[in-house]
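Order of appearance sets the numbers: ligands from 1, and atoms from 1 within every ligand.
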Amino acid sequence: MKAALAIEGGSPVRSSMLPYGRQSVDEGDIAAVVEVLRSDWLTTGPKVAEFEAAFAAYVGAAHAVAVSSGTAALHAAAFACGLKAGDEAITTPLTFAATANCVVYQGARPVFADVRSDTLNLDADRVREKITNRTKALIPVDYTGQPADLDAMRAIAEEHNLTLIEDACHAPGATYKGRSVGALSTMTIFSTHPVKHLTTGEGGIITTDDPDLAHKLRVFRNHGLSNDAHERHQQGVWFYEMVALGYNYRLTDIQCALGLSQLKKVEGWLARRRAIAARYTEAFAELPGVDVPAVQADCEPAWHLFVILLDPEALRVGRAEIYRALRAENIGVNVHYVPVPWHPYYRELGYERGQWPVAEDAYERMLSLPIFPAMSDTDVDDVIQAVRKVVTNYRK
Ligand SMILES: *Cc1c(COP(=O)(O)O)cnc(C)c1O
């Protein structure tokens, strides 16, 4: 006998809602923050440089620049590579809006290229079709935590003299052909929002091997000033100059202390994410109506998200019904992402639906399942049980 769906009055698989992502904060993190609160520097003191050095070492990059959000990190990168009015930057429609917005902030135009049907990462052939003499930057996203086709992206960038800005907000700790994400593009962007791999409350990081870019990024995050308060304090120099139109995109010492404490645990969390992904993949590989994510042989994803694709041929209902039924079972499924050019703001700018058939079809079928390090084995079992229950109920 089939168990009745919660949405039809049956009892839910769980009694409380399981979110799709959640931070892990322990007493060590709290103590690290409190220590800074008792110190002389609340912002732009010693913890910023310490966090930057530790993060750069973690990903194997020469420089890391910490800013107030992943969005600020993208904006700083768009500034540092010189994007301006009349320029274009190519990116994916299947991302958070901030990836494209950073191009608009600089007065340039985002151009969306379609994705591969297997990994849902930017398709190099579609990128090539979009290149014009106005293209200045290429912004691939490591969607769900699986690195984009970085060799192909780098080859395109070199051939056409583009700056390669990798949005790796999903992918700290991921590897591509044995090399760590964060050291493979001209600039790589990370976020430390609570739903990402490690948190500073809000925060972002840009990594680069280029000292000139690192300097530009530091100037940009601090009002365009040629040096910061901590440096002036150390040097005893009162004079400063504004050399560019920057912003206040600084990350505080309070936040960097949290980041340093979190960074010590990130490898363990990554292992947990990978173990959960392996369990889902095994559980759903043979479940008709559900496709599990394709992983490239030479990649170790960081699994920010676990996105399943529903097969409309095998199911009596669409994604919206499956989403509601899983929510009723108290499984906090989500959708990542509404294609960026579909948003009303982008439609106003002249983007029209239907130009990215692979991304748009995937969007109609996708569901993100809960995945975060603090999930217990029981939580994972609940997700598996609920997906089986709902999908089996709605099978043709
Ligand atoms: C989270 C995220 C961002 C933005 O980061 P914030 O820290 O929230 O500003 C940008 N791009 C992608 C792909 C993200 O997942």
A.B. asks: Answer side chain, backbone, both or neither: which part of His170 comes under 4.0 Å from ligand 1, heavy atoms only.
C.D. replies: side chain
A.B. asks: Taking only heavy atoms of Thr95 into account, list the atoms of ligand 1 that are under 4.0 Å away from them.
C.D. replies: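 Counting from 1, the qualifying ligand atoms are 13 (C).
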A.B. asks: Supply the atom-to-atom distance Arg250 CZ to Gln255 CD, rounded to the nearest 0.5 angstrom.
C.D. replies: 11.5 Å
A.B. asks: For Val333 and Tyr323, which heavy atoms make the closest approach, and how far apart are they?
C.D. replies: O-CE1, 3.4 Å
A.B. asks: Checking side-chain hydrogen bond (donor to acceptor under 3.5 Å, both in side chains) for the pair Ser368/His336: CA distance, chi angles, key distance, verdict?
C.D. replies: CA-CA 7 Å; Ser368 302; His336 298 93; 2.7 Å; yes
A.B. asks: Going by the atom numbers of ligand 1, which of them fall below 4.0 Å from some non-hydrogen atom of Thr99?
C.D. replies: 11 (N)
A.B. asks: Can Gly203 be said to touch ligand 1, with heavy atoms closer than 4.0 Å?
C.D. replies: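 Distance cut 4.0 Å: Gly203 passes for ligand 1.
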A.B. asks: What about Thr71: any of its N or O atoms under 3.5 Å from an N or O on ligand 1?
C.D. replies: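 Yes.
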A.B. asks: With rounding to the nearest 0.5 Å, note down the distance linking OH in Tyr337 to OG1 in Thr92.
C.D. replies: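 Those atoms lie 10.5 Å apart.
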A.B. asks: With only distance considered, is Gly70 within less than 3.5 Å of ligand 1 through an N or O on each side?
C.D. replies: yes
A.B. asks: Within the structure provided, determine whether Val195 and Arg22 are in side-chain contact (heavy-atom separation under 4.5 Å).
C.D. replies: no
A.B. asks: In Å and rounded to the nearest 0.5 Å, what is the CG to OG1 distance from Leu122 to Thr91?
C.D. replies: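 OG1 of Thr91 is found 6.0 Å from CG of Leu122.
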A.B. asks: Can you confirm, on distance only, whether ligand 1 has an N/O atom lying under 3.5 Å from any N/O atom belonging to Lys196?
C.D. replies: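 For ligand 1, there is an N or O atom that lies under 3.5 Å from one belonging to Lys196.
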A.B. asks: Please state which part of Tyr337 comes within less than 4.0 Å of ligand 1, counting heavy atoms only: side chain, backbone, both or neither.
C.D. replies: side chain
A.B. asks: Any N or O of Ser191 that comes nearer than 3.5 Å to an N or O of ligand 1?
C.D. replies: yes
A.B. asks: Test Glu329 against every option in Leu18, Val390, Val387 by the side chain to side chain contact (heavy atoms under 4.5 Å, CB included) rule and name the one that passes.
C.D. replies: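 Of the listed residues Leu18, Val390, Val387, the side chain to side chain contact (heavy atoms under 4.5 Å, CB included) partner of Glu329 is Val390.
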A.B. asks: I need the contact type for Asp167 against ligand 1. Using non-hydrogen atoms and a strict under-4.0 Å cut-off, is it side chain, backbone, both or neither?
C.D. replies: side chain
